[in-house]
Amino acid sequence: MPKFAPFFANKLTSWYLIHKRDLPWRGSDNPYYIWLSEIILQQTRVAQGLPYYLKFVEAFPTVEALANASETDVLKLWQGLGYYSRARNLHFTANYIVNTCNGVFPKDYQGLVTLKGVGDYTASAIASICYNEPTAVVDGNVYRVLSRVFGVHTPINSTQGKKEFKSLAQQLLDESQPGTYNQALMEFGARYCVPQNPECSNCIFNDRCEAYKTNAVGQLPVKLKKRNVKKRYFNYIVILSENDKTLLQKRTGKGIWQGLYEFPLLESTSEINEFQLKEMNAFQELAKKHQLSEITLYNETSVIHKLSHQHLYTRFWIGSASEKITNSISIKNVKEYAVPVLLQNFITEFFSS
DNA sequence: AAGTCGGGGCC
DNA sequence: GGCCCAGACTT
């Protein structure tokens, strides 16, 4: 264990008490609010998650209120935040807490980590903040700060690295105030020891920081590999009927956007023109089923929607249908459905003009 | 152990 | 363009 561990915790906490942001979940030790905030903030910047937290607390002030909502309503409120399995697990766990645990959250790390959507980080955060259990959190901020200050070059996304950083974080933890200490470490990473161009010359740790000493700040933390981004080609068929109805389908099964809605989707292996679209069996079935009379391409240049690991080259095709399309919904009700941002952008542009 | 899962902000 | 974000789950 590093000799200056006690100094590290003290300096960190002192810094935190001065510089911490005033966030709505801070100051509470109600596990419902802490749990909700932690799920929302997984892989999500505070600035992006904050409005969603406020919306959720207002719509669902208690875990019972969240459990009583429908998954559809929860997904609609989550729309735009991404990683939608978080929303589905959130709703599932709310029901589990209410129906199986008498509305009471588990009281320690071991119990919390069994909840769906709650892993090592989130269980540690809730346990330390709500119950003062000395469990160290390790998130992206912690990896960065510890790798730099203590000069740890083990890749943070390797099995060995995860083990090593968790162990180091646990040794450094101030057990007299684990919740405050954990938040201080993360806040320091988020606000001072940032990924790009941190102000090392004024840093409170620059007399001790291994990365600063060895001029390795820009190389830490070490991360293995780059992801292989795949290209996919989406063709959305936007059906317009004479009585202002259209067709939306729910995405089921595996893959992106599970549980969200979209227009009928035809995926191709490259960008296609109208002739090629009409050659597709799936299109012919759709055209026959809904008696599509004509089809026109809305955007000549594809919309490129970028996800972490795939780029979606998307074209919207507008089709006119007979009045009697089945399972249709009114266009004015489209906004009631949770849809991917890619579709929300199109809907806003197309139906409001 | 490697893949998968979103969207946005920053450089 | 690439990287990262108060990570978790599946295969």
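Residue numbers start from 1 in every chain, and the chains themselves are labelled A, B, ... in the order their sequence lines are given, proteins ahead of strands.
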Would you please confirm or rule out a distance under 4.0 Å between OP1 or OP2 of [N] and any side-chain N or O of [X]?
{"X": "A/Gln310", "N": "B/dC5", "result": "yes"}
{"X": "A/Trp257", "N": "B/dT4", "result": "no"}
{"X": "A/His305", "N": "B/dG7", "result": "yes"}

If the C1' atom of C/dA8 is compared with that of B/dG9, how far apart are they to the nearest Å?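 Those two atoms are separated by 23 Å.
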When you compare B/dC11 with C/dA6, how far apart are their C1' atoms, in angstrom units rounded to a whole number? 22 Å
Nucleotide [N], atom [atom2] - distance to [atom1] of [X] in whole Å:
{"X": "A/Tyr16", "N": "C/dA6", "atom1": "OH", "atom2": "P", "result": "13 Å"}
{"X": "A/Tyr83", "N": "C/dA6", "atom1": "OH", "atom2": "P", "result": "13 Å"}
{"X": "A/Tyr109", "N": "C/dA8", "atom1": "OH", "atom2": "C1'", "result": "12 Å"}
{"X": "A/Arg232", "N": "B/dG6", "atom1": "CZ", "atom2": "P", "result": "11 Å"}
{"X": "A/Tyr143", "N": "C/dC3", "atom1": "OH", "atom2": "C1'", "result": "17 Å"}
{"X": "A/Phe165", "N": "C/dA6", "atom1": "CZ", "atom2": "P", "result": "17 Å"}
{"X": "A/Leu343", "N": "B/dG6", "atom1": "CG", "atom2": "P", "result": "13 Å"}
{"X": "A/Ile156", "N": "C/dG7", "atom1": "CD1", "atom2": "C1'", "result": "12 Å"}

Quiz item: A/Ser308 side-chain donor-acceptor pair to B/dG6 base, under 3.5 Å: yes
Determine whether any donor atom in the side chain of A/Arg88 lies under 3.5 Å from an acceptor atom in the base of C/dA8, or the reverse, and answer yes or no. no
Could you check whether [X] gets within reach of a base, just the sugar-phosphate, or nothing at all, counting any heavy atom under 4.0 Å?
{"X": "A/Ser158", "result": "nothing"}
{"X": "A/Trp25", "result": "base"}
{"X": "A/Arg191", "result": "nothing"}

For DNA chain C, find the residues of residues 40-59 of chain A with a heavy-atom distance under 4.0 Å and give them by number; none if there aren't any.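 Correct list: A/Leu41, A/Gln42, A/Gln43, A/Thr44, A/Arg45, A/Val46.
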Angle between ring planes, A/Trp78 versus A/Tyr52, binned at 30° and 60°: parallel, tilted or perpendicular?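 Answer is tilted, since the angle falls between 30° and 60°.
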Just checking A/Asn102: does its CG atom have more than 12 heavy atoms from other residues, nucleotides or ligands closer to it than 6.0 angstrom? no
Neighbour count >12 (heavy atoms, 6.0 Å) for atom OH, A/Tyr131: yes
Which pairs, protein N/O on one side and nucleotides 9-11 of chain C N/O on the other, fall under 3.5 Å?
residue	atom	partner	partner atom	Å
C/dC9	OP1	A/Gly117	N	2.4

Quick test of your reading of the model: are [X] and [Y] salt-bridged, counting only N-O distances below 4.0 Å?
{"X": "A/Asp244", "Y": "A/Lys332", "result": "no"}
{"X": "A/Glu336", "Y": "A/Lys76", "result": "no"}
{"X": "A/Glu285", "Y": "A/Lys288", "result": "no"}

Can you tell which of [options] lies closest to the side chain of [X]?
{"X": "A/Lys223", "options": "C/dC4, B/dG6, B/dT4", "value": "C/dC4"}
{"X": "A/Arg144", "options": "C/dA6, C/dC5, B/dG8", "value": "C/dC5"}
{"X": "A/His311", "options": "C/dG1, C/dA6, B/dG7", "value": "C/dG1"}

Decide if the gap between the ring center of A/Phe105 and the ring center of A/Trp35 is smaller than 6.0 angstrom. yes
Any chance you could pull the hydrophobic cluster mates of A/Val222, using side-chain heavy atoms under 4.5 angstrom and chaining through other members? A/Leu220
Regarding A/Lys11 and the six-membered ring of A/Phe7, is the cationic atom NZ or CZ under 6.0 Å from the ring centre and inside 45° of its axis? no
So among A/Leu12, A/Val137, A/Asn10, which one has a side chain to side chain contact (heavy atoms under 4.5 Å, CB included) with A/Tyr181? A/Leu12
A/Phe60 and its side chain to side chain contact (heavy atoms under 4.5 Å, CB included) partner, picked from A/Leu77, A/Leu36, A/Asn68: A/Leu77
Select from A/Gly255 and A/Lys225 the residue whose nearest nucleotide in DNA chain B is closer to the 5' end of that strand. A/Lys225
Toward the 5' end of DNA chain C, which comes first, A/Pro221 or A/Asp120, by nearest nucleotide?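 Residue closer to the 5' terminus by nearest nucleotide: A/Pro221.
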